Amino acid sequence: MHHAKHLLLGAVLSLLAACAGGGTTVRPDPSPPRAAAGAAGTHENLNAVLWMQTAAEYEATTRGVFAAASALLDAALADPRWDALPTAERGGQRVGHLPAAVIVDADETMVDNSAYQARLVEAGTRFAPDTWAAWVEERRAGAVPGALEFARAAAQRGIAVFYVTNRDAAGKPATVDNLRALGFPLSEPEDTVLTIDEAQGWGSAKGSRRQFVGERYRVLMMVGDNLGDFLDGYQAPVAERAALIEPYRSWWGSRWFMLPNPTYGSWESALTRGADDPVQAKRRALRSR
Ligand SMILES: [Mg+2]
């Protein structure tokens with residue numbers, strides 16, 4: 001009897017230990033996205049999320065990018081030929097007479113959703129539309145270091161700031177609330193937050209929204225954390241993505257400004273698209289010699 005009790009206690013303790021370790025124990029969730037959690041209780045995104053949340057190196061990088069962009073605003077404003085829209089999206093349109101704007105992405109460009117990413121790491125899960133929508137509704141994204149200063153520097157010069165985001169139209173009120181609470185300029189009455197599917201033809205590729213802005217504004221700069229924040233065709237395989245940006249090589253750091261996002265993006269889906277096992281697909285892309 002006593003012995004049996006010990007066995008039972010041992011079994012319970014092992015079960016608890018396995019759960020705490022994020023191991024292979026069956027979870028109550030009927031469809032857990034288990035692939036994100038490794039056998040040792042780690043997660044594909046542990047380092048990446050910690051880097052964005054704790055590394056002085058991350059803050060130094062984003063502040064440096066935004067400071068460089070801010071320092072060029074006056075020169076960009078003064079040069080009537082200075083325009084940051086990709087050639088195919090601008091066409092032959094003259095821009096010198098148009099008022100000035102900058103186009104910025106929202107997530108991991110102006111606002112920091114790393115708390116959401118941290119929750120995924122803690123839970124051993126992956127991104128899912130329902131948990132993301134709930135996070136958006138919380139309105140708790142922070143400002144990326146340096147983003148506010150840049151946006152305000154633009155607004156102070158009369159430059160319109162357009163937030164072109166792949167958050168959806170349903171999450172727009174929460175997104176606007178969140179941006180406003182953080183102090184980002186929203187140039188009302190004009191609607192400067194352009195979400196996905198808000199108008200016909202506004203898909204996840206942002207080109208149609210960039211053109212919507214570009215028809216009425218000279219676009220001085222674009223800021224993002226994803227190739228898709230700058231040009232379409234970004235959902236291509238790795239080598240094609242590199243070729244896509246080749247013609248714009250000299251624009252980085254003057255018309256185009258890229259922020260680091262090691263936690264997710266089209267760089268990652270370029271590796272995992274169509275794969276049964278995304279982790280295996282990523283491991284195959286490693287270069288070890
Ligand atoms: Mg983004």
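Indexing begins at 1, ligand by ligand and atom by atom, following the structure's order. Keep in mind the model is a prediction, meaning the values are calculated, not measured.
Counted within 6.0 Å of CZ on Arg273, heavy atoms from surrounding residues, nucleotides or ligands total more than 12; the atom is thus considered enclosed. Enclosure of atom CZ in Arg140 is not indicated, since only 12 or fewer non-hydrogen atoms of other residues, nucleotides or ligands lie within 6.0 angstrom.
Salt-bridge formation is not detected for the pair Arg126/Glu268: no Lys NZ or Arg NE/NH1/NH2 atom is positioned less than 4.0 Å from an Asp or Glu carboxylate oxygen.
Asp232 pairs with exactly one of Arg210, Arg241, Arg209, Lys206 by the salt bridge (charged side-chain N to carboxylate O under 4.0 Å, His left out) rule, that one being Arg210.
Around the Mg ion (ligand 1), protein N, O or S atoms at less than 2.8 Å comprise Asp105 OD2, Asp107 O, Asp225 OD1.
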Take Thr109 and Asp225, measure what side-chain hydrogen bond (donor to acceptor under 3.5 Å, both in side chains) needs, and give me the verdict at the end.
CA-CA 6 Å; Thr109 296; Asp225 69 303; 3.3 Å; yes
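For residues 160-187, the set of pairs meeting the salt bridge (charged side-chain N to carboxylate O under 4.0 Å, His left out) definition, not counting sequence neighbours, comprises Asp107-Arg167, Arg139-Asp177, Lys172-Asp191, Lys172-Glu198, Arg180-Glu188.
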